[in-house]
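Because the structure is a prediction, the values reported are computed rather than measured.
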Amino acid sequence: MGQILVYTGQGKGKTTAALGLAFRALGRGHKVGVVQFIKGKWMTGERHQAARTEGLDFYVMGEGFTWESEDLTRDQKAAQKAWEKSQEMINGGAHQVVILDEITYAIHYNWLALDDILQTLAARPEGISVVLTGRHAPQGLMDAADCVTEMNKVKHPYDHGQKALIGVDF
Ligand code: ATP
Ligand code: MG
C-alpha cells in the first residue's frame, strides 16, 4: 500500500522533506516523479541534480512557456498542464513516489479543483505514494492523507534580512 503524505505549514522544510523522501525511495531502486507547481523561472539545485539522477523524472510547471505576463488564464493553463502530467505519473504506476510540490498554491488560486485531486489520489494504483507540499493545505486534503506534517517556523534567516542561500534554499 502506498501513502498520501502532506507537508504544510509556515516553516522551512516542506520541499526539502519531499526531496529527502525522493532520495530515500531512489536508494531503494524506486522511480520518483516530481511536478513543481511553481513558475519555472529560477534554476534550483534540485533541478540540476534531477537532470543527472537516474530514475528521477522532474517536471516544472510552465516550462516551455513565457512567464513575463501575469496573465491568470496562462497560469491556470500551465497549472492544468502540470496537473495532467501529475495524473499521468500517478495513474501510470511506474513511479512509486510522485511528489506534487507546491500544489496547494494551485488549489488556493483555484487553478485546480480539490475534488479532482482527491479523486485521482483515491483511485491511484496500489503501492503508489504521493507527497503534496505547500502552505495552507486544504482541510479536505489533510483528511484524505495518511501522514500530515506541519512545519512550524521557530526562526528563519529571512527574519534577519538574510537572502536565500544557494545550496540551502534553492
Ligand atoms: P524549502 O524548499 O527550503 O524546503 P519550503 O518548501 O518549506 O522550503 P516554501 O514555502 O516552498 O518553503 O518557500 C520556499 C522558499 O522560501 C525557500 O527559499 C525557503 O527557505 C523560504 N522560506 C520557507 N519558509 C520561510 C519562512 N518562514 N520565512 C521566510 N522564508 C521562508
Ligand atoms: Mg516548498
Side-chain angles (χ1 to χ4, degrees), residues 1-40 44-47 49-50 53-61 79-158 164 167-170:
M1 290 299 289
Q3 293 180 352
I4 305 295
L5 303 101
V6 173
Y7 299 143
T8 190
Q10 299 291 330
K12 171 177 167 65
K14 300 174 288 294
T15 298
T16 313
L19 295 171
L21 193 148
F23 191 83
R24 178 174 287 164
L26 289 164
R28 293 294 185 181
H30 295 170
K31 276 192 79 178
V32 176
V34 179
V35 179
Q36 288 198 315
F37 286 80
I38 45 162
K39 298 179 182 182
T44 59
E46 53 265 40
R47 284 171 73 187
Q49 188 56 40
T53 302
E54 212 184 310
L56 178 57
D57 293 318
F58 210 94
Y59 182 90
V60 180
M61 179 180 108
Q80 201 58 50
K81 229 184 143 207
W83 171 238
E84 279 165 24
K85 187 76 190 169
S86 308
Q87 282 177 298
E88 192 186 301
M89 285 203 276
I90 293 168
N91 296 331
H95 301 83
Q96 283 91 337
V97 173
V98 178
I99 295 169
L100 310 179
D101 190 39
E102 320 291 356
I103 193 170
T104 57
Y105 302 100
I107 303 166
H108 180 76
Y109 289 120
N110 287 316
W111 296 336
L112 303 177
L114 177 61
D115 282 350
D116 288 349
I117 294 165
L118 295 180
Q119 236 171 53
T120 297
L121 293 179
R124 76 192 188 283
E126 238 173 78
I128 307 299
S129 292
V130 183
V131 184
L132 305 96
T133 88
R135 296 174 188 213
H136 310 294
Q139 189 59 48
L141 178 60
M142 296 197 283
D143 289 344
D146 300 286
C147 175
V148 179
T149 300
E150 193 169 66
M151 306 295 174
N152 176 37
K153 190 198 84 167
V154 176
K155 244 189 194 182
H156 194 284
Y158 187 82
V168 171
D169 289 305
F170 67 98

Gap separating the [atom1] atom of [X] from the [atom2] atom of [Y], nearest 0.5 angstrom:
{"X": "Leu56", "Y": "Leu26", "atom1": "CG", "atom2": "CG", "result": "5.5 Å"}
{"X": "Lys85", "Y": "Met89", "atom1": "NZ", "atom2": "CE", "result": "6.0 Å"}
{"X": "Ile90", "Y": "Ile128", "atom1": "CD1", "atom2": "CD1", "result": "9.0 Å"}
{"X": "Ile107", "Y": "Asp115", "atom1": "CD1", "atom2": "CG", "result": "10.5 Å"}
{"X": "Thr8", "Y": "His136", "atom1": "OG1", "atom2": "NE2", "result": "7.5 Å"}

Show me the side-chain donor-acceptor pairs of residues 94-101 shorter than 3.5 Å, one per line, residues at least two apart or across chains.
{"residue": "His95", "atom": "NE2", "partner": "Asp57", "partner atom": "OD2", "Å": "2.7"}
{"residue": "Gln96", "atom": "OE1", "partner": "Lys31", "partner atom": "N", "Å": "3.0"}
{"residue": "Asp101", "atom": "OD1", "partner": "Thr15", "partner atom": "OG1", "Å": "2.8"}
{"residue": "Asp101", "atom": "OD1", "partner": "Thr133", "partner atom": "OG1", "Å": "2.6"}
{"residue": "Asp101", "atom": "OD2", "partner": "Thr15", "partner atom": "OG1", "Å": "3.3"}
{"residue": "Asp101", "atom": "OD2", "partner": "Gln36", "partner atom": "NE2", "Å": "2.9"}

With heavy-atom distances below 4.5 Å as the criterion, would you say the side chains of [X] and [Y] are in contact?
{"X": "Leu21", "Y": "Val32", "value": "no"}
{"X": "Thr104", "Y": "Phe37", "value": "no"}
{"X": "Asp169", "Y": "Lys12", "value": "yes"}

Is Lys81 paired with Glu84 through a side-chain N to carboxylate O contact shorter than 4.0 Å?
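No salt bridge links Glu84 with Lys81.
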Residues, nucleotides or ligands: over 12 heavy atoms within 6.0 Å of Phe170 CZ
yes
Got a list of side-chain donor-acceptor pairs under 3.5 Å for residues 145-155, not counting sequence neighbours?
{"residue": "Asp146", "atom": "OD2", "partner": "Ile4", "partner atom": "N", "Å": "2.7"}
{"residue": "Lys153", "atom": "NZ", "partner": "Asp159", "partner atom": "OD1", "Å": "3.3"}
{"residue": "Lys153", "atom": "NZ", "partner": "Asp159", "partner atom": "OD2", "Å": "2.8"}

Heavy-atom pair with the smallest gap, counting every atom of [X] and [Y]:
{"X": "Trp111", "Y": "Ala79", "answer": "CB-CB, 3.7 Å"}
{"X": "Gly134", "Y": "Tyr105", "answer": "CA-CE1, 4.0 Å"}
{"X": "Trp83", "Y": "Leu112", "answer": "CB-CD2, 3.6 Å"}
{"X": "Val60", "Y": "Arg47", "answer": "CG2-NE, 3.5 Å"}

What residues, two or more places apart in sequence or in another chain, satisfy side-chain hydrogen bond (donor to acceptor under 3.5 Å, both in side chains) together with Asn91?
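So Asn91 forms no side-chain hydrogen bond (donor to acceptor under 3.5 Å, both in side chains) with any residue.
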For Arg135, which residues count as a side-chain hydrogen bond (donor to acceptor under 3.5 Å, both in side chains) partner, sequence neighbours excluded?
Gln10
Which pairs pass side-chain hydrogen bond (donor to acceptor under 3.5 Å, both in side chains) with one or both residues in residues 119-130, sequence neighbours excluded?
Gln87-Thr120
If the condition is salt bridge (charged side-chain N to carboxylate O under 4.0 Å, His left out), which residues does Asp116 pass it with, not counting sequence neighbours?
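Testing Asp116 for salt bridge (charged side-chain N to carboxylate O under 4.0 Å, His left out), a comparison that skips the adjacent residues, returns none.
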From CA spacing to verdict: side-chain contact (heavy atoms from CB on, under 4.5 Å), Thr16, Tyr7:
CA-CA 10 Å; Thr16 313; Tyr7 299 143; over 6 Å; no
